[in-house]
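Quantities reported herein were computed from a predicted structural model and do not represent experimental measurements. Below, chain A is the first sequence line, B the second, and so on; all start at residue 1.
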Amino acid sequence: MVVVRVAPSPTGDPHVGTAYVSLFNYAFRRKHGGRFILRIDDTDRTRYRADSEAAIMRELAWLGLSWDEGPDVGGAAGPYRQSERTDLYREACEELVRKGAAYRCDCTPERLEKVREEQQKRKEQPRYDGHCRERRLPPGPPHVVRLKVPLDGETTFMDGLRGAITIAHKTVDDQVLLKSDGFPTYHLATVVDDHRMGVTHILRAEEWINSTPKHVLLYHAFGWPLPKWYHLPLLRNADRSKISKRKNPTSITWYREGGFLPEAMLNFLALMGFSLGDDKEVFSLEEFVDAFEPDAIKTSGPIFDLQKLEWLNGVYIRQMAPAELARRLRGVSAVARDADERKLLTTIPLVQERMKKLTEYDELCDFLFRDAAPVGAEELVPKGRTPAETAAMLRRARDVVAATDPVPATLEAGLRALAEGGGWKAKDLLMALRFAVSGKKVTPPIIESMCVLGRDACAARIEAAAARLGG
RNA sequence: GGCCCUAUCGUCUAGCGGUCUAGGACGUAGCCCUCUCAAGGCUAAGACGGGGGUUCGAGUCCCCCUAGGGUCACCA
């Protein structure tokens, strides 16, 4: 049986990188059966944010990346918050010290800083100088516990995507495993928990490759079997640096509130690391899971292209059943939120192929639910027409609108006949009506829009516009 | 800088020695459709980083270089 996990740190907004790694873990678990664990890596008390854990779970759930075990659902290997497992890490550390694989260290931050400065002055690798390696400090006084990395030799481990990776021990620092506050660092906690939770496959970000030897050393010291690692490529900014808050929206919440659909996010994220073939770019989570093969994950870091995500989001919006789209719109659009259901539904066909994001609904449709902004002659009067002519034409159009059933084909026929009869181009009349009725230049099809708005409201707006032209 | 990873159009990618005068998608440009904007259709520009090998034959295998990225914390 396969056991995978994702271990986000509750230090801020739920990160899109967490969604990315979660997606692949989720697919792996779905493909091979087994369990997917959500573990909260809250061992850094200084960066901890109380609201972050709930936000992470909320956004992963929004994406549909469900987990089998976690802080909220529990499970046999709990607790699933590392801050609630500190006894385990402390015991593990004692075992390591006893076995000679780790040692206590009471060097002060000041001393470490000084050592680092000197090393840098001599252009050496900044790293712990081993001062406490052989001191055999007793438990008790304030100290940390460090991993006793062999001075010579190297560690080789297998990466599922890259094959064997070898790293010389002299480039591996005597990493702190247990901090002076009694909390473990990532390295200790992840190894202890992954083992105790039975994790068999670790799909995590590439940035961990260089510290994997530390983890291998820990597994060996404990006498535990190694999991299989898959280091996923890092999502990138446009300049190819690791994706970051300053250069990209990284909060999943931002995407949800910004009108992106979870299915589009998932599809896009999958595209950033996997290919279902050259002509298969739009696919469901189910299709992805079916096709997923861990060995086929990409190794090069993809640039997070917001434009392509938006395109994909538009594809999903267009594919969606109208009633479902209406339901989703209520979640993010202020206009749709408290709209009458029937009226909301009638607007869907007008906007479905015009939105890339759900949030665009407001800009497109607000005039159907609220008063339109008044516009002047500049907008209303077509080229080659006078304000007086336009006012007169608008009034005739108002009469047609007021006397015609609000059915697109009927209304269109009436208005086109009116334009033709008056020597107007239909598009000039319709553009004037667009401004008169909506107050703007770009709208959904104006005839359909007028039918949604209703005869009285349209007539009133058209009359108001004509009046503004001084007619 | 040391170490590690990566390398096909601007971007995401197909390609697993010959079918590659390198295919698709986003984006860009033009045209068509058209009441605006979209959507849709058609067309165009656009890539195998460089150098050595291996081989009858290399985008595809190997090496070097170059470039980009990651990592060198009592952060994850």
K.L.:
Indicate yes or no: does E94(A) engage R104(A) in a salt bridge with an N to O separation below 4.0 Å.
P.N.:
no
K.L.:
Is any side-chain N of the basic residue among R135(A) and D106(A) closer than 4.0 Å to the acidic one's carboxylate O?
P.N.:
yes
K.L.:
Between G59(B) and G23(B), how far apart are the P atoms? Round to whole Å, please.
P.N.:
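That atom pair is separated by 15 Å.
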K.L.:
Roughly, in whole Å, what's the span from CD1 in I243(A) to P in U11(B)?
P.N.:
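Computing the I243(A):CD1 to U11(B):P distance gives 16 Å.
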K.L.:
To the nearest Å, give me how far apart CZ (R104(A)) and C1' (C74(B)) are.
P.N.:
16 Å
K.L.:
How far does the C1' atom of G18(B) sit from the matching atom of G30(B), given to the nearest Å?
P.N.:
37 Å
K.L.:
Please determine, for U36(B), whether a Watson-Crick or G-U wobble partner exists with both distances under 3.5 Å, and give it or none.
P.N.:
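Base-paired to nothing in any strand shown.
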K.L.:
How far, in whole Å, is C64(B) from A25(B) if one measures between their C1' atoms?
P.N.:
35 Å
K.L.:
For G46(B) versus U28(B), give the span between their C1' atoms, rounded off to a whole number of Å.
P.N.:
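Rounded to whole Å, the distance is 10 Å.
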K.L.:
Any strand is fair game: report the nucleotide pairing with C31(B) by Watson-Crick or G-U wobble, both distances under 3.5 Å, or none.
P.N.:
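Because both required distances fall under 3.5 Å, C31(B) counts as paired with G41(B).
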K.L.:
Going by the rule ring pair (Phe, Tyr, Trp, His ring centres under 6.0 Å), which residues pair with Y128(A) if we only count those two or more places apart in sequence or in a different chain?
P.N.:
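For Y128(A), no residue satisfies ring pair (Phe, Tyr, Trp, His ring centres under 6.0 Å) once neighbours in sequence are set aside.
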K.L.:
Is a side-chain donor-acceptor pair under 3.5 Å present for T250(A) with N248(A)?
P.N.:
no
K.L.:
Measure CD/Q319(A) against P/G40(B) and give the value in whole Å, please.
P.N.:
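One finds 11 Å between P of G40(B) and CD of Q319(A), rounded.
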K.L.:
Which nucleotide, if any, forms a Watson-Crick or G-U wobble pair with G1(B), using both distances under 3.5 Å?
P.N.:
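Per the H-bond distance test, C72(B).
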K.L.:
Between K357(A) (NZ) and A39(B) (P), how many Å, whole number?
P.N.:
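One finds 14 Å between P of A39(B) and NZ of K357(A), rounded.
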K.L.:
Could you identify which residues of residues 204-214 of chain A place a heavy atom less than 4.0 Å from some atom of RNA chain B, listed by residue number, or say none?
P.N.:
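Only E206(A), E207(A), W208(A), I209(A), N210(A) qualify.
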K.L.:
Rounding to an integer number of Å, can you tell me how far L306(A) CG sits from G10(B) P?
P.N.:
20 Å
K.L.:
Check whether the side chains of D41(A) and S9(A) place a donor and an acceptor atom closer than 3.5 Å, and report yes or no.
P.N.:
no
K.L.:
So what does T46(A) touch, heavy atoms closer than 4.0 Å: a base, only the sugar-phosphate, or nothing?
P.N.:
nothing
K.L.:
Thinking salt bridges, do D305(A) and K308(A) make one under a 4.0 Å N-O criterion?
P.N.:
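K308(A) and D305(A): not salt-bridged.
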K.L.:
With sequence neighbours excluded, what pairs up with E353(A) under the side chain to side chain donor-acceptor pair (under 3.5 Å) test?
P.N.:
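With sequence neighbours excluded, E353(A) shows a side chain to side chain donor-acceptor pair (under 3.5 Å) to no residue whatsoever.
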K.L.:
Can you sort out the partners of D239(A) under salt bridge (charged side-chain N to carboxylate O under 4.0 Å, His left out), two or more places apart, ordered by chain and number?
P.N.:
K247(A)
K.L.:
D279(A) CG to C26(B) C1': how many Å, rounded?
P.N.:
16 Å
K.L.:
Go ahead and name the base partner of U21(B); Watson-Crick or wobble counts if both distances stay under 3.5 Å, otherwise write none.
P.N.:
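Pair assignment: U21(B) / none.
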K.L.:
Is T11(A) touching bases, backbone alone, or none of the nucleic acid, heavy atoms closer than 4.0 Å?
P.N.:
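Touches nothing.
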K.L.:
Closest-nucleotide mapping onto RNA chain B: is R146(A) or Q125(A) further toward the 5' terminus? I mean the 5' end.
P.N.:
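Per heavy-atom nearest nucleotide, the more 5' residue is Q125(A).
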K.L.:
Report, one line per pair, each donor and acceptor closer than 3.5 Å where one atom sits in a side chain of residues 426-438 of chain A; sequence neighbours left out.
P.N.:
unit_1	atom_1	unit_2	atom_2	d
R434(A)	NH1	T443(A)	OG1	2.7
S438(A)	OG	R434(A)	O	2.6
S438(A)	OG	K440(A)	N	3.0
S438(A)	OG	K440(A)	O	3.2

K.L.:
Could you tell me how far C16(B) sits from U21(B) if I compare only their C1' atoms? Round to whole Å.
P.N.:
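That atom pair is separated by 22 Å.
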K.L.:
With rounding to the closest Å, how many angstrom separate the C1' atoms on C26(B) and U36(B)?
P.N.:
25 Å
K.L.:
So K242(A) and N237(A), side-chain contact (heavy atoms from CB on, under 4.5 Å) or not? Walk me through it.
P.N.:
CA-CA 6 Å; K242(A) 173 165 82 166; N237(A) 297 311; 5.8 Å; no
K.L.:
Need the pair for C26(B). Rule: Watson-Crick or G-U wobble, both distances under 3.5 Å, any strand; none if unpaired.
P.N.:
G10(B)
K.L.:
Should K298(A) be listed as having a side-chain N or O under 4.0 Å from OP1 or OP2 of A14(B)?
P.N.:
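So the side-chain polar atoms of K298(A) do come within 4.0 Å of the phosphate oxygens OP1 or OP2 of A14(B), strictly under.
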K.L.:
Paired with C61(B): which nucleotide, if any, by Watson-Crick or G-U wobble criteria at under 3.5 Å for both distances?
P.N.:
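Pairing partner, where one exists within any strand: G53(B).
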K.L.:
Distance between the C1' atoms of A47(B) and C63(B), in whole angstroms?
P.N.:
24 Å
K.L.:
Can you list the residues that meet the side chain to side chain contact (heavy atoms under 4.5 Å, CB included) rule with V144(A), with sequence neighbours excluded?
P.N.:
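V144(A): side chain to side chain contact (heavy atoms under 4.5 Å, CB included) contacts with C105(A), R146(A), V176(A), S180(A).
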K.L.:
Is K280(A) near enough to A25(B) that one of its side-chain N or O atoms lies under 4.0 angstrom from OP1 or OP2?
P.N.:
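Result: no.
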K.L.:
Any strand is fair game: report the nucleotide pairing with C48(B) by Watson-Crick or G-U wobble, both distances under 3.5 Å, or none.
P.N.:
none
K.L.:
Taking only residues two or more places apart in sequence or in another chain, which ones pass salt bridge (charged side-chain N to carboxylate O under 4.0 Å, His left out) with D290(A)?
P.N.:
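Counting only residues at least two positions away or on another chain, D290(A) forms no salt bridge (charged side-chain N to carboxylate O under 4.0 Å, His left out).
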K.L.:
How far does the C1' atom of G24(B) sit from the matching atom of G69(B), given to the nearest Å?
P.N.:
27 Å
K.L.:
Here's a test of your reading of the structure: between A296(A) and R236(A), which maps to the more 5' nucleotide of RNA chain B?
P.N.:
A296(A)
K.L.:
Output one letter per nucleotide in nucleotides 32-38 of chain B: B when a protein non-hydrogen atom lies under 4.0 Å from the base, S when only the sugar-phosphate is that close, - when neither is.
P.N.:
---BBBB
K.L.:
Could I get a table of every N or O pair under 3.5 Å where one atom is in the protein and the other is in nucleotides 27-31 of chain B?
P.N.:
none

K.L.:
When you measure from the side chain of P126(A), which nucleotide among A73(B), G2(B), C4(B) comes out closest?
P.N.:
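Of the options given, the side chain of P126(A) lies nearest A73(B).
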K.L.:
Considering just the side-chain nitrogens and oxygens of R47(A), establish if one lies under 4.0 Å of OP1 or OP2 belonging to A73(B).
P.N.:
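No, because none of the side-chain N or O atoms of R47(A) sits under 4.0 Å from OP1 or OP2 of A73(B).
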K.L.:
Please pick, from C3(B), C74(B), G68(B), the nucleotide with the shortest atom-to-atom distance to any side-chain atom of I167(A).
P.N.:
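In terms of side-chain proximity for I167(A), the closest of C3(B), C74(B), G68(B) is C3(B).
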K.L.:
Taking only residues two or more places apart in sequence, or in another chain, which ones meet K170(A) in a salt bridge (charged side-chain N to carboxylate O under 4.0 Å, His left out)?
P.N.:
none
K.L.:
Using the salt bridge (charged side-chain N to carboxylate O under 4.0 Å, His left out) criterion, which residues pair with R396(A)? Sequence neighbours excluded.
P.N.:
none
K.L.:
Any N or O donor-acceptor pair under 3.5 Å from the base of C74(B) to the side chain of S180(A)?
P.N.:
yes
K.L.:
Using side chain to side chain contact (heavy atoms under 4.5 Å, CB included) as the criterion, list what pairs up with E448(A), not counting sequence neighbours.
P.N.:
L350(A), P408(A), P445(A)
K.L.:
For F283(A) and A25(B), what is the distance between atoms CZ and C1' respectively, to the nearest whole Å?
P.N.:
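It works out to 12 Å between those atoms.
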K.L.:
Rounded to whole angstrom units, what separation is found between the CZ atom of F274(A) and the P atom of U13(B)?
P.N.:
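Taking CZ of F274(A) and P of U13(B), I get 12 Å after rounding.
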